[in-house]
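Atoms within each ligand, like the ligands themselves, are counted from 1 in listed order. Values below: every heavy atom of this structure, side chains too, minus hydrogens, waters and symmetry copies.
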Amino acid sequence: MAAEIINGKQIAAQIRSELKEQVERMAAQGRRPGLAVVLVGDNPASAVYVRQKKKACHEIGIYSEEHKLPGTITQGELLALIDRLNADPKIHGILVQLPLPDGLDEEEVINRINPKKDVDGFHPTNVGRLSIGLPAYVPCTPAGVLELVKRTGVAIAGKKVVVLGRSNIVGKPAAMLFLRENATVTVCHSRTVNVQQECAQADILVVAVGRPKLVKKYWVKPGAVVIDVGINRVDGKIVGDVDFEEVQEVASAITPVPGGVGPMTIAMLMKNTVSSAAEN
Ligand code: LUD
């Protein structure tokens, strides 16, 4: 039986419409959420994502401002901008689109963002809070992964979750999130011995490695839920880290690329921004 295709585009649109109602109520009370997006240099993919973020803000009624800076900006100038945004009461969320061009220190920039405005959830304060179970901003992509699984009606507690990839922005926080949901979590990476065998144990398989169509049918346990976080450009087309055509024959549910996790990343950014405005 072919898998259910999880419609991230549609679920993200549903979340945006829920947020729109909330933002209308907040704006009526003089508390319109505001997001500052900082884009440095001319990475074409970053420009696409930033445009989608601005568009989502506009749709929901979140105030947004874009700070588009040349790749030649100094570290000091970038930090000074972060300081201004930290102090600006209109701004509840600050997002510095990554990767930064060579020569700029990402870690120092992230550390400079007030953790209460860190709607990306990348500041060590939020990373630490997530890991010890305190309320925290959760990075948008893994938050979107969890939300997709939940809204698909999949039970998580007690399930075996395998996360393929250990990046700070997806793999590691995804593992923490599923652990918080009482799953049994395994994290695999480039040095894992027999990854296929590990993946084949998963009830829920989350793939975030950046290798086009890496995951094949025989890596997946029949009936598993497969979440593909990969965005790879191959011959001008976007493909995921999962070989969708063959894996959909064995999975019970699977996300497509595009139209799966990507739109959820943006929806979760909107959600974090609204939460920040509600709390601060
Ligand atoms: N940096 C992100 N860098 C890259 N795909 C995103 C993303 C939307 N600070 C910071 O926004 O959260 C971030 N915070 N990221 N990403 C990746 C990562 C960042 C990736 C894909 C999409 C955001 C998205 O909407 C569409 C889809 O999968 O359907 C396809 C869009 C396309 O490329 O045409």
Quiz item: So does Glu59 pair up with Lys20, basic N to acidic O under 4.0 Å?
Solution: no
Practice problem: Out of Met268, Arg233, Gln97, Met264, indicate the one that has the non-hydrogen atom closest to atom 2 (C) of ligand 1. | Solution: Gln97
Quiz item: Which of the numbered atoms in ligand 1 are below 4.0 angstrom from a heavy atom of Val96?
Solution: 9 (N), 10 (C)
Quiz prompt | atom 31 (C) of ligand 1: nearest protein contact (heavy atom, Å) | solution = Gln52 NE2, 3.8 Å
Quiz prompt | Same apolar cluster (I L V M F W Y, side chains within < 4.5 Å links), Leu214/Ile204 | solution = no
Practice problem: Could you tell me which non-hydrogen atom of Ala3 sits nearest to which non-hydrogen atom of Ala251, and how far apart they are? | Solution: CB-O, 3.1 Å
Practice problem: Kindly say whether Ile113 contributes a backbone atom to a donor-acceptor pair with the side chain of Asn86 at under 3.5 angstrom? | Solution: no
Self-check item: Flag for Gln97-Lys53: side-chain donor and acceptor within less than 3.5 Å
Solution: yes
Quiz item: In the protein, what heavy atom is nearest to atom 16 (N) of ligand 1, and what distance, to one decimal place, separates them?
Solution: Tyr49 CD1, 3.8 Å
Quiz prompt | Nearest protein heavy atom with distance in Å, relative to atom 6 (C) of ligand 1 | solution = Lys53 NZ, 3.8 Å
Quiz item: Has ligand 1 got any nitrogen or oxygen that is less than 3.5 angstrom from a nitrogen or oxygen of Asp120?
Solution: yes
Quiz item: Where is the nearest protein heavy atom to atom 5 (N) of ligand 1: which residue, which atom, and how far?
Solution: Gly262 CA, 3.7 Å
Quiz item: Looking only at heavy atoms, which two atoms of Ile238 and Pro258 are closest? And how far apart?
Solution: O-CD, 4.2 Å
Self-check item: Side chain to side chain, Lys150 and Glu181, heavy atoms closer than 4.5 Å
Solution: yes
Exercise. Verify the distance criterion only: is there a donor paired with an acceptor across the side chains of Gln14 and Gln10 at less than 3.5 Å?
Key: no
Quiz item: Would you say Pro99 and ligand 1 have an N/O pair spaced under 3.5 Å apart?
Solution: no
Exercise. Name the closest protein heavy atom to atom 1 (N) of ligand 1, giving the residue it belongs to and the distance to 0.1 Å.
Key: Leu98 N, 3.0 Å
Self-check item: Contacting atoms of ligand 1, where contact means under 4.0 angstrom from a heavy atom of Ile231
Solution: 5 (N), 21 (C), 28 (O)
Quiz item: Which residue supplies the protein heavy atom nearest to atom 29 (O) of ligand 1, what is that atom called, and how far is it?
Solution: Gly259 N, 2.6 Å
Quiz item: For atom 34 (O) of ligand 1, which protein heavy atom lies nearest, and how many Å away is it?
Solution: Ile238 CD1, 3.4 Å
Quiz item: Do Arg129 side-chain atoms and Pro135 backbone N/O form a donor-acceptor pair below 3.5 Å?
Solution: yes
Exercise. Name the closest protein heavy atom to atom 30 (C) of ligand 1, giving the residue it belongs to and the distance to 0.1 Å.
Key: Pro258 CB, 4.0 Å
